[in-house]
Colleague: 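Below are the structure tokens for one structure; questions will follow.
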Amino acid sequence: MRQLTKPYRVSSQKGEAYVFFRYSELSDNISFSYGNKSTSYAVDDFIEELKEIKENLANPREKLVTIAVDGENWMFMAGYPNNGRSFLEELYRELEKTEWVKTTTPGKFIESQKGETTEIDKLATGSWAGDLSTWRGEPEEDRAWRRLIEARQAIQEEPPGSPARNAILAAEGSDWFWWYGTDKDSGNDEIFDGLFKTHLINSYRQSGYSREDIPAELFVDKSPPIAENLGGVKVTLDGTITSEEEWRNAVHFQTDASEIYTDLYLGYGPNDLFVRIDTVEEARKYIGQDLSFNLYLSGETRANARTRYGETKLGFPLSQMVSLHMEDVEADGTWNVFRYRADGKRNWKFASSISNLSRRVAEVGEIIEFKFPYETINIEPEENFTLRLSAERRKAGTQLTSIPERPVRTRIPKPLSGTRVFTVNDPEGDDYGPGNYSYPKNSVFDHEGLFDLRKYEIYDAGDKWLLSFEFGAMTNPWDAPLGFSHQLINLYIDSEKGGKVEPRKEGAGVRFSSEATWDYFVKIAGWPGYGRELVTADGEGYKIDVSSNVKQKRVIAGIPKELLPEIDGNHYLMVFSQDGYGRDHIRTVQKEASTWQGGGAKHPSVSSNVYDYLAPAGEQKNILSSYDRTEKKYATLKPFKVSPNPNTGGGE
């Protein structure tokens with residue numbers, strides 16, 4: 001508390017700045033707790049909390065309690081009557097009457113203390129979300145920052161207070177980048193996207209730029225994308241359906257709104273993206289016609305707003321295009337696809353390298369099949385990108401149809417690499433906790449095996465460990481950014497001396513053996529904000545890589561060895577039902593299953609919320625049932641031993 005109530009100073013070659021750290025608990029009470037309380041209760045509670053802080057401080061007159069809140073949280077979202085004005089007015093009236101507290105500003109407080117501060121050698125980058133990944137790092141976020149920087153530079157000569165400057169300030173003055181990307185969703189992404197771009201367009205226009213000189217991407221009308229996970233395929237490119245197996249795992253879209261095609265399939269191989277188009281008539285009948293199949297993708301810095309030939313918006317920035325021109329296809333159905341890059345000013349430039357021509361193969365027969373390497377489109381595994389297929393007439397300059405009905409947001413799953421050093425199988429069908437747990441009743445849980453861990457593997461990938469978790473089923477009904485909605489994995493690792501027996505948070509409803517105390521906690525879920533964490537027993541937290549392959553029902557976590565030097569030791573591995581609003585993001589198990597809670601817990605106050613637990617052989621039921629209702633003690637788990645040797649088996 002003492003550390004939070006004094007000023008600090010950070011110095012650098014560019015100058016110095018005073019730093020004050022917010023008192024989070026009291027600030028968050030205003031943001032999230034007081035809104036649904038009466039004004040008198042909220043004010044009295046605030047004053048009492050402040051008094052308790054004062055009584056625990058030496059020389060309280062020399063201390064400052066910093067209250068800092070986001071305006072939209074407490075004024076408009078917390079439920080305060082009169083948008084918080086009544087609370088604020090009453091709070092200040094009470095503060096004015098209270099002799100032992102004084103309201104002030106940071107500057108006045110520094111003056112009163114005659115500039116006395118504590119020096120900080122290094123101020124870490126951080127935010128309320130931990131790091132800055134909420135606002136940057138994803139392609140959509142980085143693209144928006146580039147557009148903002150370009151506009152700022154374009155109107156740099158405009159004087160302060162000018163319309164162009166004011167428009168830029170409006171674009172900078174709100175939390176625009178919070179909702180960009182896949183890690184957050186405002187519920188109104190398309191509206192915010194339009195507002196942000198409008199401010200940038202206005203800055204250009206007020207500075208005298210013509211429409212032709214304004215980046216074309218700013219005129220894109222964003223459409224909510226369809227989130228899909230690509231599946232691995234093993235395709236023989238021959239223009240025929242060799243077998244249903246080769247495209248079985250591909251993403252499949254159908255349409256009855258086109259006179260040209262009926263189906264689109266998308267899949268990935270080790271190095272290439274595969275595309276299949278089923279046409280209304282045999283595909284070979286379209287050879288020689290003025291017809292182009294154009295797959296538009298994101299992934300480049302520059303983007304156009306409209307398709308190349310049909311001049312149609314597709315609902316996302318069109319950065320690049322992979323084209324198959326049917327009039328150029330050879331009589332035997334062979335040809336190549338070619339890539340074009342948007343210039344940001346409505347034009348398209350040829351961008352195909354001759355070096356990978358042999359891998360940009362197209363075959364036209366009963367159907368159309370083609371592939372192109374990832375290196376062609378500059379997209380890495382696990383990088384989100386958007387695409388949509390369009391049929392256009394090149395010479396006529398007309399748009400025919402597009403598939404699917406909205407843009408597709410997808411990613412190429414990260415392959416498992418390195419040397420497998422450990423594997424253990426877990427029995428099928430043991431996602432019942434102590435033996436009688438059931439899933440919630442909502443239809444999104446109607447997939448047998450969602451919480452049924454089947455296999456746990458560890459790979460040594462050089463500078464990091466790759467942990468693979470395979471399940472009986474995996475779906476993504478809530479469009480979780482990392483590709484899976486239901487599973488919440490908690491892994492505790494004992495690889496050093498010392499450690500803790502209590503879990504990181506209490507929501508799990510378990511304890512650990514005193515003979516195998518944990519040193520590292522790994523938390524994995526489909527939401528980056530809380531689903532990619534590594535925390536030490538000392539409380540130091542770090543972000544790790546988490547990815548998924550839904551088609552293979554697998555979640556993969558990458559942990560740098562600099563954070564986790566040794567992987568061998570005792571492991572506790574538990575699977576829960578993820579609940580973004582639940583305690584520790586865990587969905588509880590009650591006596592009776594309901595729409596959103598599981599059932600079967602005889603004593604919910606002390607029984608765990610664990611659906612599957614990688615226990616020593618045959619012991620899951622007994623261990624998870626070993627809680628003590630009378631003593632109000634949770635079940636104590638036993639670990640399983642991990643030794644880094646290939647093909648190690650075990651587990652219940």
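Basis for what follows: all heavy atoms, side chains included, without hydrogens, waters or symmetry-related copies.
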Colleague: A side-chain contact here means heavy atoms from C-beta on lying under 4.5 Å apart; do Thr410 and Val251 qualify?
Modeller: no

Colleague: For the residue pair Leu218 and Glu150, establish whether any side-chain heavy-atom pair is separated by less than 4.5 Å.
Modeller: no

Colleague: Does Tyr180 use its side chain to pair, donor to acceptor, with the backbone of Trp145 at less than 3.5 Å?
Modeller: no

Colleague: I need the Lys561 NZ to Glu566 CD distance, nearest 0.5 Å.
Modeller: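 Here the rounded value is 8.5 Å.
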
Colleague: Indicate yes or no for a side-chain donor-acceptor contact from Thr475 to the backbone of Pro477 under 3.5 Å, with no hydrogens or angles considered.
Modeller: no

Colleague: Do any N or O atoms from the side chain of Arg302 and from the backbone of Ala342 form a donor-acceptor pair under 3.5 angstrom?
Modeller: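 Checking the backbone N and O of Ala342 against the side chain of Arg302, no donor-acceptor pair under 3.5 Å is found.
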
Colleague: In this structure, are over 12 heavy atoms from other groups packed under 6.0 Å from Lys551 atom NZ?
Modeller: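 More than 12 heavy atoms, drawn from other residues, nucleotides or ligands, come within 6.0 Å of this atom.
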
Colleague: CD1/Ile287 to CD/Glu327 distance, rounded to the nearest 0.5 angstrom?
Modeller: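 It comes to 12.5 Å.
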
Colleague: Output all residues satisfying salt bridge (charged side-chain N to carboxylate O under 4.0 Å, His left out) with Asp278, sequence neighbours left out; order by chain, then residue number.
Modeller: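 Result, salt bridge (charged side-chain N to carboxylate O under 4.0 Å, His left out) vs Asp278: Arg276.
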
Colleague: Tell me if a side-chain donor or acceptor on Trp179 pairs with a main-chain N or O of Phe192 at a distance below 3.5 Å.
Modeller: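 No, the answer is negative, given that no donor and acceptor are paired below the 3.5 Å cut-off.
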
Colleague: Please report, to 0.1 Å, the donor-acceptor pairs under 3.5 Å made by any side chain of residues 444-456, with sequence neighbours excluded.
Modeller:
{"unit_1": "Asp452", "atom_1": "OD2", "unit_2": "Gly429", "atom_2": "N", "d": "2.6"}
{"unit_1": "Asp452", "atom_1": "OD2", "unit_2": "Arg454", "atom_2": "NE", "d": "2.8"}
{"unit_1": "Asp452", "atom_1": "OD2", "unit_2": "Arg454", "atom_2": "NH2", "d": "3.3"}
{"unit_1": "Tyr456", "atom_1": "OH", "unit_2": "His571", "atom_2": "ND1", "d": "3.2"}

Colleague: Partners of Tyr374 by ring-ring contact (aromatic ring centres under 6.0 Å, His included), sequence neighbours excluded?
Modeller: none

Colleague: Got a sec, which residues hit salt bridge (charged side-chain N to carboxylate O under 4.0 Å, His left out) with Glu457, two or more places apart in sequence or on another chain?
Modeller: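 Here the qualifying residues are Arg420.
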
Colleague: Using side-chain heavy atoms (C-beta onward) and a distance below 4.5 Å, is Lys234 in contact with Glu246?
Modeller: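 No, every pair of side-chain atoms sits at 4.5 Å or beyond.
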
Colleague: Return the set of residues passing side chain to side chain contact (heavy atoms under 4.5 Å, CB included) with Asn378 (not counting sequence neighbours), or none when no residue passes.
Modeller: Glu300, Arg339

Colleague: Taking Glu369 for its side chain and Gly239 for its backbone only, find out whether a donor-acceptor pair lies under 3.5 Å.
Modeller: yes

Colleague: Any sub-3.5 Å donor-acceptor pair from Thr312's side-chain atoms to Thr307's backbone N or O?
Modeller: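 Side chain of Thr312 to backbone of Thr307: no pair is present.
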
Colleague: Do Val408 and Phe253 have side chains that approach each other closer than 4.5 Å (heavy atoms only, starting at C-beta)?
Modeller: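 Side chain of Val408 against side chain of Phe253, heavy atoms only: contact under 4.5 Å found.
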
Colleague: For Lys197, which residues count as a salt bridge (charged side-chain N to carboxylate O under 4.0 Å, His left out) partner, sequence neighbours excluded?
Modeller: Asp193

Colleague: If you look only at pairs with a residue in residues 289-308, which of them pass as a ring pair (Phe, Tyr, Trp, His ring centres under 6.0 Å), with sequence neighbours excluded?
Modeller: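 Those involving residues 289-308 are Tyr296-Trp348.
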
Colleague: Under 3.5 Å, side-chain donor or acceptor atoms of residues 266-274 against the rest of the protein: list the pairs with distances, not counting sequence neighbours.
Modeller:
{"unit_1": "Tyr268", "atom_1": "OH", "unit_2": "Asn549", "atom_2": "ND2", "d": "2.7"}
{"unit_1": "Asp272", "atom_1": "OD1", "unit_2": "Arg359", "atom_2": "NE", "d": "3.4"}
{"unit_1": "Asp272", "atom_1": "OD1", "unit_2": "Arg359", "atom_2": "NH2", "d": "3.1"}

Colleague: Compare all side-chain heavy atoms of Val364 with those of Trp335 and state whether any distance is below 4.5 angstrom.
Modeller: no

Colleague: Compare all side-chain heavy atoms of Phe316 with those of Pro225 and state whether any distance is below 4.5 angstrom.
Modeller: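 Side chain of Phe316 against side chain of Pro225, heavy atoms only: no contact under 4.5 Å found.
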
Colleague: Evaluate whether atom CD of Glu428 has more than 12 neighbouring non-hydrogen atoms of other residues, nucleotides or ligands under 6.0 angstrom away.
Modeller: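 No.
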
Colleague: Flag the pair Glu562 / Asp463 as yes when at least one side-chain heavy-atom distance between them is below 4.5 Å, and no otherwise.
Modeller: no

Colleague: Suppose we screen for side chain to side chain contact (heavy atoms under 4.5 Å, CB included). Which residues come up paired with Pro639, at least two apart in sequence or across chains?
Modeller: Ala516, Asn570, Tyr572

Colleague: Mark yes or no for whether Ser577, through its side chain, and Arg587, through its backbone, hold a donor-acceptor pair below 3.5 Å.
Modeller: no

Colleague: Please evaluate residues Arg409 and Glu140 with respect to the criterion side chain to side chain contact (heavy atoms under 4.5 Å, CB included), reporting the C-alpha separation (whole Å), side-chain torsions for both, the decisive distance (0.1 Å), and the verdict.
Modeller: CA-CA 11 Å; Arg409 186 187 69 229; Glu140 193 177 31; over 6 Å; no

Colleague: Check for a donor-acceptor pair, side chain of Glu392 on one end and backbone N or O of Asn294 on the other, with a separation under 3.5 Å.
Modeller: no

Colleague: Where the side chain of Asp568 meets the backbone of Ser643, is there a donor-acceptor pair that is under 3.5 Å apart?
Modeller: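 Checking the backbone N and O of Ser643 against the side chain of Asp568, no donor-acceptor pair under 3.5 Å is found.
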
Colleague: At their closest point, which heavy atom of His325 faces which heavy atom of Ser323, and how far apart are they?
Modeller: CE1-CB, 3.8 Å

Colleague: Could you give the side-chain donor-acceptor pairs of residues 522-534 under 3.5 Å, partners two or more places apart or in another chain?
Modeller:
{"unit_1": "Lys523", "atom_1": "NZ", "unit_2": "His585", "atom_2": "ND1", "d": "2.7"}
{"unit_1": "Tyr530", "atom_1": "OH", "unit_2": "Gln578", "atom_2": "OE1", "d": "2.4"}
{"unit_1": "Arg532", "atom_1": "NE", "unit_2": "Pro528", "atom_2": "O", "d": "3.3"}
{"unit_1": "Arg532", "atom_1": "NH2", "unit_2": "Ser133", "atom_2": "OG", "d": "3.0"}

Colleague: Sequence neighbours excluded, which residues qualify as salt bridge (charged side-chain N to carboxylate O under 4.0 Å, His left out) partners of Arg388?
Modeller: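 None.
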
Colleague: Once salt bridge (Lys or Arg N to Asp or Glu O under 4.0 Å) is applied, what residue pairs with a partner in residues 305-316 remain, sequence neighbours excluded?
Modeller: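 Qualifying pairs: Asp221-Lys313.
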
Colleague: When you measure from the side chain of Arg411 to the backbone of Phe385, do you find a donor-acceptor pair of N or O atoms at a distance under 3.5 Å?
Modeller: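 Checked: no pair found.
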
Colleague: State, to 0.1 Å, how close Ser223 and Pro407 come at their nearest heavy-atom pair, and which atoms those are.
Modeller: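 Closest heavy-atom pair between Ser223 and Pro407: CB-CD, 3.8 Å.
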
Colleague: Would you check if Trp465 and Tyr459 make a side-chain contact, meaning some heavy-atom pair closer than 4.5 Å?
Modeller: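 With C-beta onward as the side chain, the pair stays apart.
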
